[in-house]
Amino acid sequence: MTVHERAEQVRVMFDRIARRYDLMNSLMTGGRHQAWRRVAARIAEPQPGGLALDVATGTGDLALALLAQTPIRGVIGLDFSDGMLKVGREKLRRKDPGGRVKLVIGDALRLPFPDKTFACVTSAFLLRNLADLAQGLAEMRRVTRPGGKVVALEITQPTLPGWSHLFGWYFHRLVPRLGALVSGNREAYTYLPRSVERFLPPAQLSWLMERVGLRAVGYRRLGLGTVTIHAGTA
């Protein structure tokens with residue numbers, strides 16, 4: 001499968017689950033995904049008055065967290081799924097009446113912005129879906145101003161004995177069934193645990209972030225190790 005074919009496959013999948021995406025996130029995480037986004041937003045710590053970019057913004061939850069948790073003046077939320085952006089625009093009419101979040105369609109591997117545009121760049125649950133991870137990270141670094149942070153929230157496999165086995169059973173057995181029931185799309189929620197299983201562990205992802213030019217790279221694990229927030233400075 002080519003890079004373009006893989007990207008198109010993922011885009012179509014997200015279009016199909018867009019209407020139930022927020023509900024599934026809440027069910028799968030016991031409602032904790034919003035708290036994780038708030039932590040990621042605070043870690044981004046952009047300069048006051050700057051503009052933030054949220055890549056793969058989906059329905060805009062991390063963009064809204066950036067508004068609530070940081071002193072930025074606005075956020076551009078970019079996603080390649082028109083279905084997700086449609087749901088996001090409906091949400092923003094209720095939660096961002098001032099219009100401080102702007103949603104645009106675009107490709108995370110070819111961000112349509114000049115170099116050094118944003119005070120910070122964030123993403124949630126994006127990186128494991130990228131057809132070219134190094135290119136995606138390099139693009140995020142490219143559009144970040146010097147001294148600004150690139151922050152990524154990702155699902156990870158826990159390492160605690162016992163808990164890792166229980167989480168694996170839940171993620172591989174129960175989540176696909178829940179996804180089929182709630183979203184009508186078992187395939188998307190079978191893809192999810194497989195994509196996490198194939199993804200780099202935190203230490204290797206940190207190494208790759210350094211390789212593309214980010215500095216002071218580190219990560220913080222939350223949710224008993226089921227999610228990790230990565231951060232590096234441009």
Side-chain angles (χ1 to χ4, degrees), residues 6-7 9-41 43-44 52-66 75 77-81 83-85 87-88 91 103 106-109 111 120-133 136-137 139-140 150-158 167 170-172 175-176 178-179 182-183 185 187-202 205 208-209 219-231:
R6 178 182 171 189
Q9 186 180 61
V10 174
R11 184 194 65 77
V12 170
M13 180 185 70
F14 277 105
D15 279 347
R16 288 174 177 166
I17 64 173
R19 287 287 165 188
R20 296 299 178 95
Y21 180 77
D22 287 348
L23 176 59
M24 275 299 297
N25 277 348
S26 294
L27 291 173
M28 286 189 301
T29 68
R32 295 299 298 162
H33 66 108
Q34 298 291 16
W36 298 333
R37 285 181 169 89
R38 290 192 291 271
V39 174
I43 289 174
L53 173 65
D54 184 38
V55 185
T57 195
T59 64
D61 282 338
L62 183 49
L64 288 168
L66 284 163
V75 185
L78 177 141
D79 205 285
F80 72 164
S81 166
M84 297 290 278
L85 292 177
V87 176
K91 179 188 295 183
L103 299 183
D107 185 352
L109 299 183
L111 294 174
C120 67
V121 177
T122 63
S123 68
F125 314 124
L126 159 70
L127 299 183
R128 63 187 168 76
N129 295 312
L130 291 176
D132 188 330
L133 178 56
L137 290 170
E139 278 290 275
M140 295 169 81
V150 171
V151 177
L153 170 64
E154 287 296 325
I155 305 172
T156 46
Q157 297 192 74
F167 178 76
Y170 165 75
F171 212 34
H172 286 272
V175 164
L178 185 64
V182 174
S183 73
N185 193 318
E187 180 183 356
Y189 291 95
T190 300
Y191 163 84
L192 171 59
R194 289 176 179 171
S195 68
V196 172
E197 193 173 57
R198 293 192 300 262
F199 193 55
L200 298 179
L205 180 56
L208 186 58
M209 291 174 72
Y219 61 87
R220 177 180 173 185
R221 302 195 75 152
L222 301 171
L224 295 176
T226 59
V227 293
T228 303
I229 300 173
H230 297 264

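All values derive from a computational prediction rather than experimental measurement.
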Side-chain contact test, heavy atoms from C-beta onward, threshold under 4.5 Å: evaluate it for [X] versus [Y] and give yes or no.
X    : Y    : result
L205 : L133 : yes
V196 : T156 : no
E187 : M13  : no
V75  : L62  : no
F14  : N129 : yes
T190 : P176 : yes
F80  : D107 : no
V87  : Y21  : no

Which pair of non-hydrogen atoms, one from G106 and one from L78, has the smallest distance, and what is that distance? O-CD2, 3.5 Å

Please find the pair of heavy atoms, one from A231 and one from I43, that lie closest to each other, and give the distance. CB-CG2, 3.8 Å

Nearest 0.5 Å please: distance from the [atom1] atom of [X] over to the [atom2] atom of [Y].
X    : Y    : atom1 : atom2 : value
R37  : I229 : CZ    : CD1   : 11.0 Å
S123 : L137 : OG    : CG    : 8.0 Å
R11  : D79  : CZ    : CG    : 10.5 Å
F171 : Y189 : CZ    : OH    : 10.5 Å

Does the side chain of R128 come under 3.5 Å of the side chain of S195 through a donor N or O and an acceptor N or O?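 Per modelled atom types, R128 and S195 side chains form a pair under 3.5 Å.
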
Tell me, with the steps shown, if T226 and I155 meet side-chain contact (heavy atoms from CB on, under 4.5 Å). CA-CA 6 Å; T226 59; I155 305 172; 5.6 Å; no

Other residues, nucleotides and ligands only: do more than 12 of their heavy atoms fall within 6.0 Å of CZ on R20? no

Looking at R221, I'd like to know if its CZ atom is crowded, meaning that more than 12 non-hydrogen atoms belonging to other residues, nucleotides or ligands lie closer than 6.0 Å.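 Check passes, neighbour count above 12.
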
Evaluation steps, side-chain contact (heavy atoms from CB on, under 4.5 Å), between F199 and L127: CA-CA 9 Å; F199 193 55; L127 299 183; 3.7 Å; yes

Evaluate the ring planes of H230 and Y219, with Trp represented by its six-membered ring, and classify them as parallel (under 30°), tilted (30 to 60°) or perpendicular (over 60°).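 Correct class here is tilted.
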
Quick check against the 3.5 Å criterion: does T29 have a side-chain atom that pairs as donor or acceptor with the backbone of R32? yes

Keeping the roles fixed (side chain from E154, backbone from T228), state whether a donor-acceptor pair exists under 3.5 Å.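 Not at all, since once roles are kept as given, no pair shorter than 3.5 Å links the two residues.
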
Passes side-chain contact (heavy atoms from CB on, under 4.5 Å), H33 versus M28? Steps please. CA-CA 9 Å; H33 66 108; M28 286 189 301; over 6 Å; no

Is there a side-chain contact (heavy atoms from CB on, under 4.5 Å) between M24 and I17 once you walk through the steps? CA-CA 9 Å; M24 275 299 297; I17 64 173; over 6 Å; no

Can you list, pair by pair, the side-chain donor-acceptor contacts under 3.5 Å of residues 53-61, counting residues two or more places apart and other chains?
residue : atom : partner : partner atom : Å
D54     : OD1  : T122    : OG1          : 2.9
D54     : OD2  : T57     : OG1          : 2.7
T59     : OG1  : D22     : OD1          : 2.8
T59     : OG1  : D22     : OD2          : 3.2
T59     : OG1  : K91     : NZ           : 2.9
D61     : OD1  : K91     : NZ           : 2.7
D61     : OD2  : Q34     : NE2          : 3.1
D61     : OD2  : K91     : NZ           : 3.4

